[in-house]
Colleague: 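If you scroll down you'll find the structure; I have some questions about it.
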Number of protein chains: 2
Amino acid sequence: MYADISTAVAPKLETAGLAMCRGLAHQATSRIMAVSAMQKYQPGECLFSEGDDADGIYEITGGMLRLYKLLPDGRRQITGFLGAGQVLGLAPEGTHIYTAEAIAPVTVCRYARAALDRLLDDVPGLARRLLSVTSHELRAAQDQMLLLGRKAAGEKVASFLLLMARHQGDGADGIFIPMARGDIADYLGLTTETVSRTFTKLKLAGVIALPTPNHVDIPDRRRLEDAANGTDG
Amino acid sequence: MYADISTAVAPKLETAGLAMCRGLAHQATSRIMAVSAMQKYQPGECLFSEGDDADGIYEITGGMLRLYKLLPDGRRQITGFLGAGQVLGLAPEGTHIYTAEAIAPVTVCRYARAALDRLLDDVPGLARRLLSVTSHELRAAQDQMLLLGRKAAGEKVASFLLLMARHQGDGADGIFIPMARGDIADYLGLTTETVSRTFTKLKLAGVIALPTPNHVDIPDRRRLEDAANGTDG
DNA sequence: CGCAAACTTGATGTTGCTCAAGCTAGGTGG
DNA sequence: CCACCTAGCTTGAGCAACATCAAGTTTGCG
């Protein structure tokens, strides 16, 4: 009845090519591809961990993964969920500052860091491309700080659902939630129980429908947006 | 008895020059300086606001400012405090995503965005320099997400004090706090009252001393670090 | 000296966490 | 094909941390 995870979370890889090379000349593209390799990861597998040497940069071509940081006692903060077309692993100090782990089966294109670094001075537009990637990550991080520091549970969950909807192309009412409640909780700074209760409240209020725990229908986008900003009752 | 704000928060501008040009050739430096201008802002004045066209990039040469985002109902999240040597205003979509406002009297060097953008393809190393700036911001943002989402009030305040200490050169025990309790609260996702009470608790526990509300002494750095990670009792 | 802004402290309230128990669906083996 | 088992989700009851509301107190400035 519903699409399974592997098809649902890898919706639309641009047939034209990889995001890393978007807007670059053909010759630049082929030089970049020369230092790349495709890899696959199963759910639960790590691409790299916090503290590892950052010797690779990755672009996701399919699937979904979570990025997170841990405190010494095991508390976890998920800093982002990444899907097809997104780039990760650009570490400033040569060391990864978060762990990257597959949620759904992931395929990535891996670029050797040292080689890419050498191309940086050489390939026109590449640095600008990477700057754009990092700036977008930064923008997302700042939105998330506002959410974590100042939004109430209901607003957090509503914001999360809107993010997922936007991420899945905004077209249909129905969105697929590939991650577990515990992952959502660690992303929003809540507990599993609070996330679950908040889903139930939104359902009872008629703002969303939950045909299965992993599928959310949004009959009225506007009401969800109000819930996300506290602009509702 | 204590240094006033203007001297205390502008400790050590590299005499050699501006951070923007760090590591660049002399000729590159002069081309960058050609598109720059010095400006001053008094406490409370805005360099730019969330949503404004991003037509300038700024480097702080002295003073301190706060960056923040607002929710429609006025709740505020401060995403960072910036001091001498830090760069801001690199907006991905041509629109600023936060407001930048002076806390202490600020002097900045402003680079016209369009001009700097043109230099990007032209001046070797400049793109790399900006990439490094953005990557550091991103790293700070991710640390802050962990703090906002998963740390308790005591851990948040202790982390903040360590950040301030690091920022001020780590040398002496005494650090100067140029911002108000309300600013600290909006940075840590707390209220003014909770910040104040938490200072008092740390003082009573002997972890810090508070000779004035704006001066903190840290007799034992290690204990404060434990408090910041929840590694203490 | 008086005022305003910022800080501190206290009393009370609410949100979301903790602990604990059922529920549901998917997968496995008889 | 069905019973069982497990992992993840949901629900409930009680509680703790932090917010809110409301005074005081201190500090710097005109």
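As the structure is a computational prediction, the values presented were derived from the model and not from experiment. All chains are named by letter (A, B, ...) in the order of the sequence lines, taking the proteins before the strands, and each is independently numbered beginning at 1.
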Colleague: Please report the closest heavy-atom contact between B:T192 and B:A185, naming both atoms and the distance.
Modeller: N-CB, 3.5 Å

Colleague: Are side-chain N/O atoms of A:T61 and A:T107 paired as donor and acceptor at under 3.5 Å?
Modeller: yes

Colleague: Check whether any side-chain N or O of A:R150 sits under 3.5 Å from a backbone N or O of B:Q77 as a donor-acceptor pair, and report yes or no.
Modeller: no

Colleague: Can you say whether the rings of A:F48 and A:Y58 are parallel (under 30°), tilted (30 to 60°) or perpendicular (over 60°)?
Modeller: tilted

Colleague: How long is the line joining CZ of A:R181 and P of C:dC23, in whole Å?
Modeller: 19 Å

Colleague: Taking atom types as modelled, find out whether B:K69 and B:T99 have a side-chain donor-acceptor pair closer than 3.5 angstrom.
Modeller: no

Colleague: Are B:Y68 and B:Y98 near enough that their ring centres are under 6.0 Å apart?
Modeller: no

Colleague: If you assign each of A:R150 and A:N214 to its closest nucleotide in DNA chain D, which residue comes earlier from the 5' end?
Modeller: A:N214

Colleague: Quick one: does any side-chain atom of B:H167 pair with a main-chain N or O of B:L163 as donor and acceptor, under 3.5 Å?
Modeller: no

Colleague: Judged by modelled atom types alone, do A:T191 and A:T194 share a side-chain donor-acceptor pair under 3.5 Å?
Modeller: yes

Colleague: Round to the nearest Å and state the distance from A:R75 atom CZ to C:dT18 atom C1'.
Modeller: 15 Å

Colleague: Check DNA chain D against residues 183-205 of chain B and give the residues with a non-hydrogen atom under 4.0 Å, in numerical order.
Modeller: B:G189, B:L190, B:T191, B:E193, B:T194, B:R197

Colleague: Reading DNA chain D from 5' to 3', where do the contacts with chain B start and stop? Cut-off is 4.0 Å to heavy atoms.
Modeller: D:dC18 to D:dC21

